[in-house]
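Reading through the structure tokens given below for one structure.
First listed ligand is number 1; within each ligand, the first listed atom is number 1. For the numbers below, each heavy atom of this structure counts, side chains included, while hydrogens, waters and symmetry mates do not. Computed from a predicted model, the values in this text were never measured in an experiment.
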Amino acid sequence: MDTKIVKAYGTASEEADLNQLNINRRSVTAKDVEIDILFCGVCHSDLHFARNDWGMTQYPVVPGHEIVGTVTKIGSGVSKYKVGDLVAVGCLVDSCRTCSNCKDDLEQYCPQWVGTYGGYDKHLDTPTHGGYSETIVVDEDFVLSVPGNLYKAGIAPVLCAGITTWSPLKHWNVGKDSKVAVVGLGGLGHMAIKLAAALGAHVTLFSRSTNKVQDGLALGADQVIISTDEGQMASVMGNFDVIIDTVPYAHDLNPYIGTLNTNGTLVVVGYLGPLDPMLVTVPMIMGRKSVAGSLIGGIAETQELLDFCGKHNITSDVEVIKIQDINKAYERMLKSDVHYRFVIDMKSLKD
Ligand code: NAP
Ligand code: ZN
Ligand code: ZN
């Protein structure tokens, strides 16, 4: 198949910094859309993947799955988009389309889902490469339409940080007067606060220190509880219907389970791996409480969220960076020094 060489940023090993490299993009097939990338958000998963934290990275890897851009070319069979449209691509670029999850608009749970990076590109027989690049070619069924009224850089994080928190909020029926708590104020956490507040919930932020109290309240939280303060934790025992836990590393879930009400659910979206310390089942059994997990969201649900953001004028709070500053951004992310999502202006790669 014909390919086009485009500039990208990625890394060839877990120890190396990200650097400029070239990748191949396929020519558009009948159902494909070619997108000129304007902005790409920086997710903590990009860092996990670049550094092989999950033990599954194939190198070289080009991260980036919060992509906003303009359509530059379409295949002969494309009906949803035209050249010039403002579009987006999130964490998925393909799936089997026939399994029960695909039929239920839950492509993220398809056993054959194809990640935007680190997935398998059946056209090129290579790993897929993400949005830290000039262009991307994606099947129209996995391309999303972006409301025109929103700040373009601020929309990019909706494609992962937004949908990853929206999907569990919707699944666990968060609405007016629900009591929601969010653990960790980073990319996912700040979107969780904005979205839960927009759904009418009473929102609490759990953060580790007092540094982010004012920001948490400004983003829409009704209160901030310092998770290291036992007195503050005791004040919210038995309180929450849903907790969205965005912390990227192993941490103790037990203190949070005590803050769920009867039938409450703590949804882990941040950390992937064995828990340490282990869960104590007593409060779960005594109060019919659940611990659950959730992965991003399906294509239809992501479009629903983009439309909701358009209607409610919701975007992410972003710090726009040049691609050349990506390694510094990763170091700041490791120190939880992000306010509240880095977004790369991809013009910097073209210069
Ligand atoms: P982020 O911007 O770095 O935010 C994480 C926040 O967690 C920090 O700001 C910090 O908030 C808190 N935190 C960090 N280290 C901690 C620790 N050791 N103990 C307690 N709290 C800690 O990260 P992100 O982009 O939001 O991503 C969060 C996680 O979600 C990552 O692991 C990412 O891979 C994962 N993720 C999952 C999905 C999914 O589908 N399930 C999708 C996207 C991302 P405070 O300073 O307020 O405590
Ligand atoms: Zn992500
Ligand atoms: Zn499937």
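- Looking only at heavy atoms of the protein, atom 11 (O) of ligand 1 is closest to L185 N, 3.1 Å.
- Under a 4.0 Å N-O distance rule, the pair K311/E304 does not qualify as a salt bridge.
- Atoms of ligand 1 found under 4.0 Å from any heavy atom of S294, numbered from 1 in the order shown, are 39 (C), 40 (O), 41 (N).
- For P283 against K289, the heavy-atom pair with the smallest separation is O-CD, 3.5 Å.
- Residue-ligand proximity, K212 to ligand 1, at heavy-atom distances under 4.0 Å covers atoms 9 (O), 11 (O), 45 (P), 46 (O), 47 (O).
- Between R332 and E319 there is a salt bridge, since at least one side-chain N of the basic residue sits less than 4.0 Å from a carboxylate O of the acidic one.
- By the 4.0 Å N-to-carboxylate-O rule, K212 lies too far from D215 to be salt-bridged with it.
- Remark: minimum distance from atom 4 (O) of ligand 1 to any protein heavy atom is reached at G186 CA, 3.3 Å.
- Expressed to the nearest 0.5 Å, how far CD1 of I323 lies from CE of M346 amounts to 4.5 Å.
- When R208, H251, H44 are checked for heavy-atom proximity to atom 18 (N) of ligand 1, R208 turns out nearest.
- Scanning the protein for heavy atoms near atom 33 (C) of ligand 1, the closest one is S45 OG, 3.3 Å.
- For ligand 1, the polar-atom distance check finds an N/O of V269 within less than 3.5 Å of one of the ligand's N/O atoms.
- The nearest heavy-atom contact from the protein to atom 43 (C) of ligand 1 is C160 SG, 3.2 Å.
- Near the Zn ion (ligand 3), less than 2.8 Å away, sit the protein N, O or S atoms C96 SG, C99 SG, C102 SG, C110 SG.
- Under a 4.5 Å side-chain heavy-atom cut-off, the cluster of Ile, Leu, Val, Met, Phe, Trp and Tyr residues that includes Y59 is completed by F49, W54, M56, V61, Y117, L272.
- Taking any N or O of G270, backbone or side chain, at least one lies under 3.5 Å from an N or O belonging to ligand 1.
- Close contacts between ligand 1 and T246 involve ligand atoms 28 (C), 29 (C) [criterion: under 4.0 Å to a heavy atom].
- Hydrophobic clustering, defined by side-chain heavy atoms of Ile, Leu, Val, Met, Phe, Trp and Tyr closer than 4.5 Å, groups V291 together with V183, F206, I225, M233, V236, F240, I243, V247, L253, Y256, I257, L260, L266, V268, Y271, L275, L279, M284.
- Closest to atom 7 (O) of ligand 1 among all protein heavy atoms lies P248 CD, 3.4 Å.
- Note on K347 versus D345: salt bridge recorded, some NZ/NE/NH1/NH2 to OD/OE distance being below 4.0 Å.
- Nearest protein heavy-atom contact of atom 2 (O) of ligand 1 is G187 N, 2.9 Å.
- What sits closest to atom 42 (C) of ligand 1 on the protein, heavy atoms only, is T164 OG1, 3.2 Å.
- Nearest protein neighbour of atom 26 (O) of ligand 1, counting heavy atoms only, is L188 N, 2.8 Å.
- The shortest non-hydrogen separation linking V146 to V87 is CG2-C, 3.5 Å.
- Residue V247 holds the heavy atom nearest to atom 19 (N) of ligand 1 of all those in V247, I163, V338, L205.
- Between R341 and ligand 1 there is a heavy-atom distance shorter than 4.0 Å.
- For A161, the heavy-atom gap to ligand 1 stays at 4.0 angstrom or more.
- Contact annotation: the side chain of D139 approaches that of R97 to within less than 4.5 Å [non-hydrogen atoms, C-beta and beyond].
- Protein N/O/S atoms found under 2.8 Å from the Zn ion (ligand 2): C43 SG, H65 NE2, C160 SG.
- Look at W54 and you'll find a heavy atom under 4.0 Å from some atom of ligand 1.
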